[in-house]
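Structure record follows, encoded as structure tokens.
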Amino acid sequence: MAQLLKQSVKLALIQLACTADKAHNLSHARSKVLEATKAGAKIVVLPECFNSPYGTKFFPQYAETLLPSPPTEKQSPTFHALSQLAKEAGVYLVGGSIPEREDSSDKLFNTSLTFGPRGELLATHRKVHLFDIDIPGKIRFKESEVLSPGNKITIVDLPEYGRIAVAICYDVRFPELAMIAARKGAFLLLYPGAFNLTTGALHWELQGRARAMDNQVYVGLCSPSRDMTAEYHAWGHSMVVDPNAEVLGQLDEKEGIVMTELIQGRIEEVRKGIPLETQRRFDVYPDVSRGFRGTE
Ligand SMILES: NC(=O)CCC(=O)C(=O)O
């Protein structure tokens with residue numbers, strides 16, 4: 001039987017120190033991506049909002065226009081920087097996320113761009129579940145005050161390796177999205193994300209491990225490093241989880257790179273031991289993947 005991951009591959013999550021200086025963020029991301037690829041990574045991931053501070057008041061100021069695609073250099077310097085970088089490094093690059101402005105509607109989105117090793121755009125994911133929470137005395141954040149949600153699940157085919165799914169941060173809390181992607185054959189769920197000091201300690205690792213355990217796939221969560229001088233304090237702790245929900249690598253709050261080898265055959269080995277796939281009871285509950293609204 002064909003294996004979901006066609007060959008073992010090195011994954012790198014870059015826990016980048018993101019600043020208010022977009023040009024600096026782009027050049028710093030470049031040097032870190034090249035460092036990861038020199039060490040053998042073939043799939044590299046950047047954090048949520050890696051080219052701007054994370055905060056609703058910053059999104060309009062930092063937003064770039066991505067449509068019609070490809071945008072001009074002026075419309076989206078980040079699109080071009082990521083495309084060139086993926087090509088220079090010869091890797092699959094999941095470019096974290098950036099604030100996007102849709103010119104035709106003036107709407108803003110939190111959007112992730114994935115490029116292939118020839119610099120080609122493979123997929124665009126607009127954050128589907130906006131981060132709207134209010135925990136009295138701790139944190140209030142309402143992305144929906146300025147952002148609009150995306151409306152699709154994003155699955156990307158990497159011909160040499162197989163399928164991955166890309167979603168953004170708060171999307172990880174919705175197991176339906178992960179389950180659909182896994183049932184459509186993804187071997188890896190990637191979430192550029194920026195949890196905070198309240199929910200990070202409680203739920204970050206739990207969410208990553210839960211999505212891996214539910215679906216018996218690899219999961220990667222990629223955060224910015226923590227900057228206590230910024231308005232939003234990111235949790236950090238970028239991590240890779242294996243299909244048996246074991247943490248393969250996790251950083252602390254500082255800048256760094258998590259490098260992990262994803263092993264061909266590991267998913268099938270785990271699924272053979274605990275065969276959830278063949279034990280599902282869609283006669284008792286509906287198959288959520290039937291309502292799937294696909295990627296292009
Ligand atoms: N950027 C985000 O979506 C943050 C999500 C988060 O912190 C959470 O607890 O969920």
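Numbering of ligands and ligand atoms starts at 1, following listing order. These numbers were taken from a predicted model, which means no experiment stands behind them.
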Ranked by distance from atom 3 (O) of ligand 1, the top protein heavy atom is K127 NZ, 2.7 Å
Report the C-alpha distance between S144 and F131 in whole Å, list the side-chain angles of each, state the deciding distance to 0.1 Å, and finish with yes or no for side-chain contact (heavy atoms from CB on, under 4.5 Å). CA-CA 7 Å; S144 65; F131 177 45; over 6 Å; no
Name the closest protein heavy atom to atom 2 (C) of ligand 1, giving the residue it belongs to and the distance to 0.1 Å. C169 SG, 2.9 Å
Please tabulate, for the side chains in residues 217-225, all donor-acceptor contacts under 3.5 angstrom to protein atoms that are two or more places apart in sequence or on a different chain.
residue, atom, partner, partner atom, Å
Y218, OH, I263, N, 2.9
S223, OG, G236, N, 3.1
S225, OG, L16, O, 3.4

With a 4.0 Å cut-off on heavy atoms, is A194 in contact with ligand 1? yes
Do the side chains of E64 and P77 get nearer than 4.5 Å, heavy atoms only? yes
Ligand 1 versus W235, non-hydrogen atoms closer than 4.0 Å: side chain, backbone, both, neither? neither
Should the heavy atoms of other residues, nucleotides or ligands under 6.0 Å from CG of L276 be counted, would the total exceed 12? yes
Using only heavy-atom distances, determine whether the side chains of E255 and H28 contain a donor-acceptor pair under 3.5 Å. yes
For atom 8 (C) of ligand 1, which of F195, W204, Y54, Y232 has the closest heavy atom? F195
Only one of I133, L147, D132 clears side chain to side chain contact (heavy atoms under 4.5 Å, CB included) with K142; which? D132
Under 4.0 Å to a heavy atom of E48 - the qualifying atoms of ligand 1, by number: 1 (N), 2 (C)
Short N or O distance, N196 and ligand 1, threshold 3.5 Å exclusive: yes
So if I count the atoms of ligand 1 from 1 in the order they appear, which ones are less than 4.0 Å from some heavy atom of T199? 6 (C), 7 (O), 8 (C), 9 (O)
Among T65, T124, T111, N110, which residue meets the side-chain hydrogen bond (donor to acceptor under 3.5 Å, both in side chains) test with E100? T111
Which residue and atom name correspond to the protein heavy atom nearest atom 10 (O) of ligand 1, and how close is it? R173 NE, 2.6 Å
